[in-house]
Amino acid sequence: MNEKQDNQLNLALELTPEQLNKSRELSVGFNQSDNSWDLIVRYQGSLDGARALGVTVSELSNGYAILRVPDFLVDTVSNLEEIIFVEKPKSLEFSVLNEKRVSCVNQVQVPGSLIGGVSGLFGEGVIIGIADSGIDYTNSAFKNADNTTRILKLWDQVTDTVFDEKQINEALQSANPYQIVNSRDVSGHGTHVAGIAAGNFSEDKNGNLGIATKSRLIIVKMAEPAENSFPKTTQLMEAVDFIVKQANEYGMPFVINISFGNTYGSHDGTSLISTYFDSIIDGNRTVMVIGSGNEGDSAGHVGGYMDDAEGSRQSIEFQVSEYQGAFSIQLWKNYVDVWSVGLTAPSGASTSQVSKDGYIFSYELDNTTIKILYGTPKPYSRYQEVYINLIPRDRHVKSGIWTIHIMSERTVNGRYDLWLPISGIINENTRFLTPDPFITLTVPSATSRAVTVGAYNSNNDTIATFSGRGFTRENDKIKPDLVAPGVNILSASNTGGTTTRSGTSMAAPFVAGSAALMMEWGIVRGNDPFLYGEKVKAYLIRGARHLPGIDRYPSRLAGWGALCLRDSLLQ
């Protein structure tokens, strides 16, 4: 096992082509057309050594890059001296399942209101960057009164085409706009998100559905050109890099909205995508807003503590539904604890208990191939992962109750957490039987310097049951930072007009739009030229409104409370 590669990549490289093809998670990043891998790397110095091997290199900011590496060269490239660490891409899922008033936005948009008597705030002079499924640029929500676009740049990753403001305006004047700017939002998710953050639905700015109605937009379409398909973390990192570089060329402060996530990782903000995002936030006049995901009630997480007595044991049951394809389970623990791990199938057949660091163990139970990778700590995480992959020999994993057994040889810390894949990519009834709804934040919403947003129902001031909950694993960083409306939110549709959706995908752009208004007041109008990054987060937290029924703040459900922009700006 290569110590410079993450566990998913190490295991994926061990699978046969048939097994890899069956595993939706482990095959992410593998390109069958040329037997190559898309990989995320952190590096120092030059990547010319990788280029000399025939590797395609896409350099990002701050020592991160995306490589396309032939399968037979992955270990060779990983072992290059300049490569610090390598991660396989992960699949992302939309965080989906007129609330301006309850978020105290209207009060800061009335001319002459509250903020020292200045005129209303609409995000003018601030860019909002959205990396999502694209945008319906023909929707009136994203046009000025003269029918010109508010979009500065639109990068369609599917066709690798960048359209600028001039081309989009030309398309809007055409009877056949898609002949000029051929980029469509198939799922409508990105259009809905953009509408909440910045949709301008009327001449009466206080009557529109969006928040930052004068902000300009930079849009990246990431999703594949098919309905219900999802992008990869590599695409998201490249999208963020594009937004940053374009916004800096315009010389404008900017907000980045991310409404995607997955469940892979230690949920402590140490994955390469999270450390990359932290470096972006540190180095720019920006605010990054990420939805906490919709895994709160998905029964996809279980956690607890092992008794410190030698030989103590925990048995964790999970149900596999009928017609379930290959999937994995991650077990995360503290490296100081020495435990063995095994698995029992519905028939009662079991693997042995394994505990050897850095090894991959293989078993056949109930017509299912079991791969157990017993990992080691990595340069960016002191925690240990045991990765369990179930691959059907035919089409489906054996349905019924499976059991993971953890046996203690020595327990000091005792904490364990297990996650299933995100609910959107496994069957609904594949679940833990005794789930824990906490530490259900999706990755990358555990990113330290980002503003992480959960969802609440503004009709009754209750937390949405689906909303990803905190805190982060082991280090207990307060996430989510706050919550915003995320239930039955009306916004722009990819078929024109409006539609209603729910999810933390909808909550995040409430905060992104609000951050743009704050940055207009601070940076553009000169009231506080340093109002970005952690300072915006601090103001949002201080102004957050406490919800009824939650007695203690910060809360694992709601962070510091519900978005209230008026009170945040009054600070």
Side-chain angles (χ1 to χ4, degrees), residues 5-15 20 23-30 37-42 66 85-95 230-237 258 260-277 290-296 298-303 318 325-333 360 371-378 380-381 383-391 404 416-426 430-432 436 439-447 450 452 468 472-474 479:
Q5 297 171 174
D6 77 345
N7 291 333
Q8 274 200 341
L9 179 57
N10 276 313
L11 184 53
L13 293 173
E14 291 290 322
L15 299 184
L20 187 64
S23 179
R24 181 171 178 177
E25 296 165 85
L26 293 180
S27 63
V28 173
F30 182 68
W37 286 93
D38 293 329
L39 301 174
I40 305 165
V41 302
R42 190 168 185 179
I66 308 298
F85 195 66
V86 183
E87 279 188 6
K88 190 182 76 62
K90 282 76 180 177
S91 178
L92 295 166
E93 187 191 7
F94 303 137
S95 298
F230 304 107
K232 303 184 289 288
T233 48
T234 45
Q235 291 175 299
L236 179 55
M237 293 172 72
I258 296 172
F260 283 101
N262 64 64
T263 60
Y264 182 77
S266 57
H267 293 68
D268 59 4
T270 59
S271 64
L272 285 193
I273 190 170
S274 286
T275 57
Y276 172 64
F277 286 166
I290 307 178
S292 69
N294 300 334
E295 297 298 298
S298 71
H301 167 253
V302 66
F318 62 98
F327 69 99
S328 67
I329 296 173
Q330 315 157 58
L331 186 159
W332 288 88
K333 58 183 281 294
I360 298 172
K371 299 279 187 180
I372 302 177
L373 186 154
Y374 210 101
T376 59
K378 301 301 181 185
Y380 304 105
S381 177
Y383 303 113
Q384 186 172 30
E385 177 190 17
V386 181
Y387 190 86
I388 303 170
N389 197 235
L390 293 83
I391 306 171
I404 296 170
Y416 62 86
D417 289 276
L418 297 93
W419 286 276
L420 286 162
I422 201 163
S423 55
I425 65 172
I426 57 171
T430 297
R431 59 193 302 274
F432 289 116
D436 177 0
I439 322 181
T440 50
L441 302 155
T442 52
V443 178
S445 70
T447 299
T452 302
T472 60
R473 176 181 149 76
E474 286 289 333
K479 296 287 182 179

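Because the structure is predicted, anything quoted here is derived from the model rather than measured. What's counted below: heavy atoms across the whole structure, side chains too, no hydrogens, waters or symmetry copies.
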May I ask you to decide if G375's main-chain N or O and Q384's side chain share a donor-acceptor pair within less than 3.5 Å? yes
Passing option when N7 is tested against K378, K88, Q330 for side chain to side chain contact (heavy atoms under 4.5 Å, CB included): K378
Which pair of heavy atoms, one from V28 and one from W37, lies closest together, and at what distance? O-CZ3, 3.7 Å
If you measure from CD1 on I426 to OG1 on T263, what distance do you get to the nearest 0.5 Å? 8.0 Å
Atom pair CD1 (I66) and CG (L39), whose distance is rounded to the nearest 0.5 Å: 8.5 Å
Are the side chains of W419 and R473 in contact, using a 4.5 Å heavy-atom criterion? yes
For the CD1 atom of I273 and the CZ atom of F260, what is their distance to the nearest 0.5 Å? 11.0 Å
Distance flag, aromatic centroids of W332 and H267, threshold under 6.0 Å: no
Excluding sequence neighbours, so at least two apart, what forms ring pair (Phe, Tyr, Trp, His ring centres under 6.0 Å) with F85? none
What residues, two or more places apart in sequence or in another chain, satisfy side chain to side chain contact (heavy atoms under 4.5 Å, CB included) together with S274? S271, P444, T447
Shortest non-hydrogen contact from A326 to S23? CB-CA, 3.8 Å
With F277, which residues qualify under ring pair (Phe, Tyr, Trp, His ring centres under 6.0 Å), at least two apart? none
Do the non-hydrogen side-chain atoms of L441 and T472 ever get within less than 4.5 Å of each other? yes
What residues form a side chain to side chain contact (heavy atoms under 4.5 Å, CB included) with S298, not counting sequence neighbours? E295, S423
Using side chain to side chain contact (heavy atoms under 4.5 Å, CB included) as the criterion, list what pairs up with S27, not counting sequence neighbours. L20
Please identify each residue that fulfils salt bridge (charged side-chain N to carboxylate O under 4.0 Å, His left out) with D268, with sequence neighbours left out. none
K333 meets the salt bridge (charged side-chain N to carboxylate O under 4.0 Å, His left out) criterion, sequence neighbours left out, with none
With sequence neighbours left out, the residues meeting side chain to side chain donor-acceptor pair (under 3.5 Å) with E87 are none
Using atom types as modelled and distance alone, determine if a side-chain donor or acceptor of N10 lies under 3.5 Å from a backbone N or O of Q5. yes
Can you measure from CD1 (I439) to NE2 (H301) and round to the nearest 0.5 angstrom? 4.5 Å
Taking the side chain as every heavy atom from C-beta outward, state whether I329 and L420 have any pair of such atoms under 4.5 Å apart. yes
Looking only at heavy atoms, which two atoms of G303 and D436 are closest? And how far apart? N-CB, 3.9 Å
Can you give me the closest heavy-atom contact between F432 and G300, atom names plus distance? CE1-O, 3.4 Å
Results of side chain to side chain donor-acceptor pair (under 3.5 Å) for D6 - residues two or more places apart only: K90
Can you name the residues that form a side chain to side chain donor-acceptor pair (under 3.5 Å) with S445, not counting sequence neighbours? none
For I290 and A450, the nearest pair of non-hydrogen atoms, with its separation, is CD1-CB, 3.7 Å
Could you tell me whether a side-chain N or O of E14 sits under 3.5 Å from a main-chain N or O of L11, the two making a donor and an acceptor? no
Residues in side chain to side chain donor-acceptor pair (under 3.5 Å) contact with Y264, at least two apart in sequence or another chain: E385
Side-chain donor/acceptor of N389 to backbone N/O of F327, under 3.5 Å: yes
Let me confirm one number: the CG-CG distance from L331 to L373, rounded to the nearest 0.5 Å. 12.5 Å
Side chains of N262 and T233, heavy atoms from C-beta outward: is any pair under 4.5 Å? yes
Applying salt bridge (charged side-chain N to carboxylate O under 4.0 Å, His left out), name anything that partners D38, two or more places apart in sequence or on another chain. none
Quick check: closest heavy atoms across L26 and A12, and the distance to 0.1 Å? O-CB, 3.7 Å
